[in-house]
Engineer: 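For reference, the structure I am asking about is given below.
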Amino acid sequence: MAVILQSVVRAEPRPAGVRVRLRDRCRPPVGAVLTTAAVVVVASRVAGPLWFARLSALAALAVLWRVGSARDVRFRSALPMAAPLALASGLAALHPAPAPLAAPLMIGAAAAAACVAVCARLRDAGWGPSAASVASLGVGVGASSIALPAPRGITAAIFGSAYAQAGELLPHMILAGTLSASAWLIADRFSSDVVWRVSAGTLALQAGIALSAPAALSSVAGATMLGSAGFALALGAAEVLRGGQARDAQRRSRAGLRSYVARGWADPAVRCVAGLSVIGLGLRLVVERGLWVDEAISVAQARMPFGQMIESLRATDMHPPLWQVIQWVTVRLLGFSELAVRAPAIVAGTLLIPLLYVAGRDLFERRAGLVAATLGTASPFIVWYSQEARMYTLFMLLALLAIWMQVRAVRHGRGIDWTIYTLATIALLWTHYFAVLHVVVQQSAFAAVLWHRRRDPSVRRYALAWAASLAAILAAVLPLFFFAYDQRYAYSARVLSVPSRGGSTENPPVGDLSVYSVIANWIWAMWGYHSKGAMARVASLWPLGMLFVFFLLGRGRSRVSSLLLAATVLPSAALLLAGLQVRDLFEVRYFAGAVPLLLLLTAELVTHSFANRGASMLAATVVVASLVVALIDQQSSSANPRRYDFKGAITRVASESRPGDVLVYEPWYLDSVVAYYASGVPSLALKDATVPPRARARRVFLVATPTFLGSTGRGRVDRALLTLRSQRRLVDRFDRPGVEAWVFQ
Amino acid sequence: MGIPVSDPRFDTPVWSPERGADNKVRGLAVLGVPLALWYFTWLLHPGRVGHPVLYVLLVTAELYNLVQAAGFWWTCSKARSRAAAAPADPSTEVDVFIPVYGEEADIVEPTVAAAVRMRGARVRVSLLDDGGSDEMESVASRHGAAYVRRRERTGAKAGNINHALARTSAPFVAVFDCDHVPNESFVEHTLGHFADPKIAFVQTPQYYANGHAGGVAGAAWAQQALFFGPIARGKDGHGAMFCCGTNVVYRRRALEDAGGVPEESLTEDFELSIRLHERGWETAYVPRVLASGVGPEDMASYVTQQFRWARGCLSALPRILRSSLPARLRLHYVLSAMFFLSGWTLLVYMTMPFVRLVWGAQPLAGTTANQFLAHFAPYFAVALGGVAVAGGGTYTFEAFATTSSSFWVHIRASLSVLLRRKGRFVVTPKRGTARRQPKAVAPALAVVAVLATAAIWRLLQDRGPATLNNVAFVALHVTVLLAGAWPALSGSRQGAASEPTEREPATART
């Protein structure tokens, strides 16, 4: 990238109104290239990989800054050299790598060059830069992403054991080519201030990540990959949004945008949704409970350097990395407070409200959108997970966005809709593995539409757009296979595992998988989490479900509502089947993406099922009221089995502890919670040690969470209590929801 | 007299009998068989017997519904859509009969006017007036139709038709109720099917043009749509379509072979179909809306119509069982007639939570709600899904609720048949009333009151899950009954009112 910089800094401003085509050849700055390559080689040898990485990141930032400010298409002159330069850069970093490594690297570089050439041809052929963007993204990010998380065994098998880490360098090299293609797109296509600001901001983020990265080159490559991916995606989206308009047209569109916003604000519905969003944000900010185990683990992972975090996710987690990357950035911007670590979830959970409105308005009509937004505001399930530093609200947000964009893409066939759908789906898959169930439904719907339109003259265009979207999704998701493979391998290798969230098996009447467990999960999805008694009573009202089914007779179903219904029901049905093998898999949060769709369907049902508008309003009011009541109960009831007051118990221990005291906990995976709330207190897990003798601890605090204790854990706690009682005096005992604590002197 | 501009019978029909998804229905039928077995093998296990009487009642009701569901699946699995027949010779003569009895002229005149315009044959329209109305005579003369007035009005509609048969000679006879306006192409679409010499009659759908306005007419139409959609097409596939009394073309020779339209029967169309099938004649159904009529617009009219149909069909059961029909046809007739016993099953279902709330007895024992749901829910879903899919979405909750709230009609009709009471028949009014008609739904309201009282009384003592479960069942029944009764309670029918007209026994279904 530093080499590319050399070519760019020589660029001159583009004359106004002159559009230079790619075919207007310019002489590549060979001298600058060779000089820079030499500098990079020396720098990498002298400064080591870390500094090499940092320099590269800074160079990338400078390149984009220069491109953005110069707005000069002469930058494209660097293009034909991009791939060889990338190769040189990679070889420099590899040095003194033996010769056999050069061949595959050369192939990668050639691929990048081919990508660039194809982009250029497509651009000149009038296919539009979006195709180039997609191709650039697909080949560059996809290939590099494959290399990054590829199991080292595969790399070693290809390159030999001595070069097992070679894959870590590949993305860095290919991304150089990707960036140059993207930069060319900027220079040739965009002159908008907005676009280059976005680009520069994205690259600044990338550079920030890279500069914070540890010494491991893989981390730098990973950061580069993520930053570049975001950058390229922003380019593609911006290009589509801009639609090739001239700059004066852009100015008009800006004025139009302001007018559009003003008109929008004049709409009472928009103001209503804004108000709902404010209320929703307030509801999500009013959070009493402390961090729960999974959240604390997320925070602990976010404390790690980026590369170590990715490795930790690969080795100890079972989720894709996107959420954790967001968390990682967030804590560096906002800190580690409870609110800070939950901020992304709160934001996503709040964004669901306006998104429900616009999606409902677009898919059905305005009243349905308003009702959906109201339901989203008060939805206990959404509020609950907005207050949890985990990925579930993002899962919901992206699932809704993806399916909305899918419908728009099918209806209108516009590039912007296809692009956003593709990006949302990629992000969805990088957020939660079970999102693949939603994607299967979506892709099946695409196939059904293709079949339906098979004799339509526009089917070719539709098929091409779908194929491009699917290819981009597959390319971007391919690395997840390797990542997931590693996680699965590591998981099966672990002797001990953290069980699923305890509450899922504690809410009555769920035990073994049963019809009642299905009912309970849907009650949770709609009305949130409640005490055992409340759940038993609500579940006993299942005959009203029969009434609901009767009520649906003849209500009609549009293709949109059929799609939403399928995307709501089929993922949960698939997990139900999976749950027959592994009980914990059938759990509402694993099909959380269905919840906003359920709310949309509910809104559609209550607004369109009654000929009388008053009856419709009454039905909507009843449903919203039921959600409000459920929300109050969920948030306030201490009997809510999903509520674990680790914060209350452990902060009390922390406040009462004195030097020489020891905190002992069971099960062992409370370590993250303990570290978060009582980092200054010496602590140990019962699994790893016996109860400390009097000589080694003044007082012993024993904290256990009964929900998670299997027979082994319970036995450990009982034995520890026996030992402590025999050696010490019980001076205090207190319970918090889901947590028990003993204090021995 | 002019034709009302707002008359819905002149609107283009917005329904097609072929809108149901036949393959989906077949798929659901295939799925339904093992699910039914799954449920009933569980239900009939001796260990499930709770209170013996309640258990027997429940099992009987469930078996009845299973027979109906299986019959529905079987019927729909052979749904047939006849290809258009080659046009008949335009010189073919067709007599068109429009029997009337006291209906208003503005209802009848559009029918006469449309009938004389029918193409594809030499049509001769006869207005068969049993009401002796001079106004009808002028209607007939205005449109060039023959006017036939009987001196001795025996045999109701059947007698009226037989009287006209004796005075006409065309080889084919079309019959329309006076409110069913035929399409100009009616004869063109039906007459060609008589190229098969075994065909005795060609039936077409009885379309309610006012069904889309909702209310009682909408509910009645939803039920009709289910019958004239997948069921009628299925019956045609089995060669078992029966005559429905209107929008039908007969072969005169077949009518003569059957001895004319049976006058002694309560359901002359049903009885005529049995006779024709016994004599080896075949029947045809053309799934195409070729005439538009009006359905009952208020609850009293609906109840009147349903009672007549229920009584007529139930009284035909012994005749069916004694008939010399092939087993397949006999089964079809039995299934059709037995439908009018479904009110009894609803009574049984409503009794269960009531007994549980008041006395604590329940039909099932040694099981849990979870087990019950695991076995019942899939069967229930597929059975209901079959109805929804087969009807192509035309069968509505309102139709279900209206049927449910008139459950007592089936009970009254079956008791009436059992006790061999001679009924008084009332022609379905062609226009409803805007007044409230609580009497038409009084039995349903009484059941609502009883169930609600039992639920409240029990809730005051206990609010545990078991009680709540039964209260939820009560809420289910109460909601359905009230939804069905609502049109009668709100009196929301639009248009002019007319009172039901008393008529002598043995009229046809209209």
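Everything numeric here is computed off the predicted structure, so don't read it as measured data. Chain A is the first sequence line, chain B the second, and so forth, proteins listed ahead of strands; every chain is numbered from 1.
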Engineer: What parts of residues 469-478 of chain B touch chain A if we use heavy atoms and a cut-off under 4.5 Å?
Structural biologist: Asn469(B), Ala472(B), Phe473(B), Ala475(B), Leu476(B)
Engineer: What salt bridge (Lys or Arg N to Asp or Glu O under 4.0 Å) pairs are there with at least one residue in residues 376-398 of chain B, not counting sequence neighbours?
Structural biologist: Arg555(A)-Glu398(B)
Engineer: What's the spacing between Leu553(A) CG and Thr394(B) OG1 if we round to 0.5 Å?
Structural biologist: 10.0 Å
Engineer: Without placing hydrogens or testing angles, list every side-chain donor-acceptor pair under 3.5 Å for residues 371-390 of chain B, not counting sequence neighbours.
Structural biologist:
unit_1	atom_1	unit_2	atom_2	d
Gln371(B)	OE1	Thr367(B)	OG1	2.8
His375(B)	ND1	Gln371(B)	O	2.7

Engineer: Just wondering, are more than 12 heavy atoms of other shown residues or ligands nearer than 6.0 Å to CH2 in Trp38(B)?
Structural biologist: no
Engineer: Looking only at heavy atoms, what is the nearest atom pair of Tyr516(A) and Asn370(B), with distance?
Structural biologist: N-OD1, 3.0 Å
Engineer: Any chance CZ of Arg411(A) has more than 12 other-residue heavy atoms, nucleotides or ligands included, within less than 6.0 Å?
Structural biologist: yes
Engineer: Show the nearest heavy-atom pair for residues Ala536(A) and Pro465(B), with the distance to one decimal.
Structural biologist: O-CB, 4.1 Å
Engineer: Using a 4.5 angstrom heavy-atom cutoff, name the option from Leu468(B), Thr479(B), Val480(B) with the most pairs to chain A.
Structural biologist: Leu468(B)
Engineer: With side chain to side chain donor-acceptor pair (under 3.5 Å) as the rule and sequence neighbours excluded, what pairs involving residues 622-633 of chain A come up?
Structural biologist: Trp527(A)-Ser626(A), His530(A)-Asp633(A)
Engineer: Please give me the minimum heavy-atom distance between Arg463(B) and Arg537(A), naming the atom from each residue.
Structural biologist: O-NE, 3.2 Å
Engineer: Here's a test for you: under ring-ring contact (aromatic ring centres under 6.0 Å, His included), which of Phe400(B), Tyr395(B), Phe397(B) qualifies with Phe550(A)?
Structural biologist: Phe400(B)
Engineer: If you count every heavy atom of other residues, nucleotides or ligands that lies below 6.0 Å from Met617(A) atom CE, does the total exceed 12?
Structural biologist: no
Engineer: For Arg613(A), does the CZ atom have more than 12 heavy-atom neighbours from other residues, nucleotides or ligands under 6.0 Å away?
Structural biologist: no
